[in-house]
There are 2 protein chains.
Amino acid sequence: MPRTTTRTTLAKRITSRGRRLTKQRVIVAQALAAERQAISAQELHQRLHHGHPRLGLATIYRALEAQVEAGMATRLERQGHVSAYVACVSEHHHHLVCTSCQRVEDVDETILRPVLRGIRDRHDFQVDHERLDFYGLCARCRREKAAL
Amino acid sequence: MPRTTTRTTLAKRITSRGRRLTKQRVIVAQALAAERQAISAQELHQRLHHGHPRLGLATIYRALEAQVEAGMATRLERQGHVSAYVACVSEHHHHLVCTSCQRVEDVDETILRPVLRGIRDRHDFQVDHERLDFYGLCARCRREKAAL
DNA sequence: AGGCTATTGAGAGTCGTTCTCGTAATGGGG
DNA sequence: CCCCATTACGAGAACGACTCTCAATAGCCT
Ligand SMILES: [Mn+2]
Ligand SMILES: [Mn+2]
Ligand SMILES: [Zn+2]
Ligand SMILES: [Zn+2]
């Protein structure tokens with residue numbers, strides 16, 4: 001995912017909607033693409049403040065929204081009513097939260113397909129988006145507990 | 001679910017936690033039990049204002065939170081960062097929330113088994129409890145939209 | 001009943017997000 | 001390449017859902 005690729009994709013998807021390719025949108029898009037986790041607008045603002053002190057928070061919100069519209073990012077609802085954004089298109093991703101060490105892993109999304117199919121077939125319900133969080137013990141914490 | 005049942009259940013579950021059975025909590029619990037769809041604190045506040053003009057919004061938030069803690073309700077995250085609450089019978093079940101009519105169905109739990117197995121096998125993660133909410137269109141709303 | 005203390009109501013405060021508005025930049029047409 | 005309508009930006013105010021503060025009230029226990 002080189003910077004030039006991000007810029008080219010952005011140019012195509014943004015301008016084809018009658019919007020303009022601004023420096024700020026490029027900066028935000030590249031920063032989001034560099035993240036491998038979901039990140040909030042405010043976190044992104046702090047992170048970019050060193051290199052781009054004049055980049056405003058509202059602009060980041062608008063740039064992220066434009067990317068969602070363009071299909072280049074997804075908005076997740078984080079707990080505490082905070083939106084977080086992830087680069088890449090297709091699906092949300094879901095989390096395994098370790099109740100011992102508090103670390104978070106991403107769920108392998110392919111695991112969820114049978115569930116979505118089951119819901120469609122058994123409940124006749126068309127899922128648009130879902131929020132899935134699993135709480136428990138990660139492999140490392142389980143080994144540590146076993147060692148005691 | 002008669003009013004007396006709601007009151008009795010509430011009394012047991014609230015007072016056993018060292019909390020007090022107040023008029024306000026009873027009013028909110030009965031109103032929530034009477035709803036068959038998820039409802040926000042503010043909607044509940046408006047709805048109750050006629051009969052109980054002195055019932056405060058903060059009290060409704062606190063009463064709903066107490067019910068969630070007591071295992072009698074679930075909080076759902078609605079789009080636009082609004083929490084919605086549903087009365088619940090048992091503690092551990094999952095929901096299909098229709099984003100059009102706001103009705104809530106319980107998920108057939110057997111559908112979820114392959115997911116839990118997949119998480120154990122693929123992620124080496126021991127799930128203790130999980131929170132699953134699916135948002136989309138129910139069968140009825142989908143038919144209504146198709147008819148237009 | 002009487003006292004301890006959880007809870008209430010009203011409003012102020014918090015915080016993420018969006019809006020307003022004057023200024024600056026973009027990009028298509030000349 | 002330069003114009004210029006139009007889109008976007010930055011700063012701060014506004015907004016909305018939710019939480020906190022605090023004095024007054026009301027459950028609960030003896
Ligand atoms: Mn993640
Ligand atoms: Mn339920
Ligand atoms: Zn762990
Ligand atoms: Zn519906």
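Quick caveat: nothing in here was measured; it's all calculated off a predicted structure. Below, read A as the first sequence line, B as the second, and so on, with proteins coming before strands; counting in each chain starts at 1.
Contacts between residues 41-49 of chain B and DNA chain C, counted as heavy-atom distances below 4.0 Å, involve no residue at all.
We find that Glu69(A) and Arg13(A) are not joined by a salt bridge, their nearest charged nitrogen and carboxylate oxygen being 4.0 Å or further apart.
Two residues, Tyr85(B) and Lys23(A), neighbour DNA chain D, and the one matched to the more 5' nucleotide by heavy-atom proximity is Lys23(A).
Residue Ser83(B) places at least one side-chain N or O closer than 4.0 Å to OP1 or OP2 of dC18(D). For the OP1/OP2 pair of dT19(D) and a distance below 4.0 Å, the side-chain nitrogens and oxygens of Arg62(B) include no atom meeting the criterion. An OP1 or OP2 oxygen of dG27(D) is reached within less than 4.0 angstrom by no side-chain nitrogen or oxygen of Arg19(B). At the phosphate of dA26(D), neither OP1 nor OP2 sits under 4.0 Å from any side-chain N or O atom of Gln24(B).
Set against dC9(D), dC20(D), dC18(D), the side chain of Tyr61(B) has dC18(D) as its closest nucleotide.
Counting non-hydrogen atoms under 4.0 angstrom, Leu21(B) reaches the backbone sugars and phosphates but no base. The residue Ser40(A) sits apart from the nucleic acid: no heavy atom pair falls under 4.0 Å.
Between His129(A) and Tyr135(B), the ring planes are parallel. Angles under 30° get that label, and only those over 60° would be called perpendicular.
Other residues, nucleotides and ligands contribute at most 12 non-hydrogen atoms within 6.0 Å of the CZ atom of Arg7(A).
His52(B) and Gln24(B) form no side-chain donor-acceptor contact under 3.5 Å, judged by distance and modelled atom types alone.
Bounding nucleotides for the chain A contact on DNA chain C, 5' to 3', at a heavy-atom distance below 4.0 Å, are dG16(C) to dG27(C).
Between atom CD1 of residue Ile111(A) and atom NE2 of residue His123(B) there is a gap of 4.0 Å, rounded to the nearest 0.5 Å.
Across the protein-nucleic acid pair, Arg17(A) atom CZ and dT7(D) atom P stand 16 Å apart, rounded to whole Å. Rounded to whole angstrom, the span from the CD1 atom of Ile14(B) across to the P atom of dC28(D) amounts to 11 Å. The distance between atom CG of Leu64(B) and atom P of dC18(D), rounded to the nearest whole Å, is 10 Å. In this structure, Ile60(B) places its CD1 atom 14 Å from P of dT19(D), rounding to the nearest Å. Rounded to whole Å, the distance from CZ on Arg54(A) to C1' on dG12(D) is 14 Å. Per the geometry, CG belonging to Leu57(A) stands 11 Å off C1' belonging to dG10(D), to the nearest Å. Rounded to an integer number of Å, the gap from CG of Leu55(A) to P of dG12(D) is 15 Å.
A heavy-atom distance below 4.5 Å is not found between the side chains of Phe134(B) and Gln126(A). Residues Arg25(A) and Gln67(A) fail the side-chain proximity criterion, which asks for heavy atoms closer than 4.5 Å. Counting only heavy atoms from C-beta outward, the side chains of Asp128(A) and Thr99(B) never approach each other to under 4.5 Å. A heavy-atom distance below 4.5 Å is not found between the side chains of Asp124(A) and Glu105(B).
Hydrophobic clustering (ILVMFWY, side-chain heavy atoms < 4.5 Å, transitive): Ile27(B) and Val86(B) are in distinct clusters.
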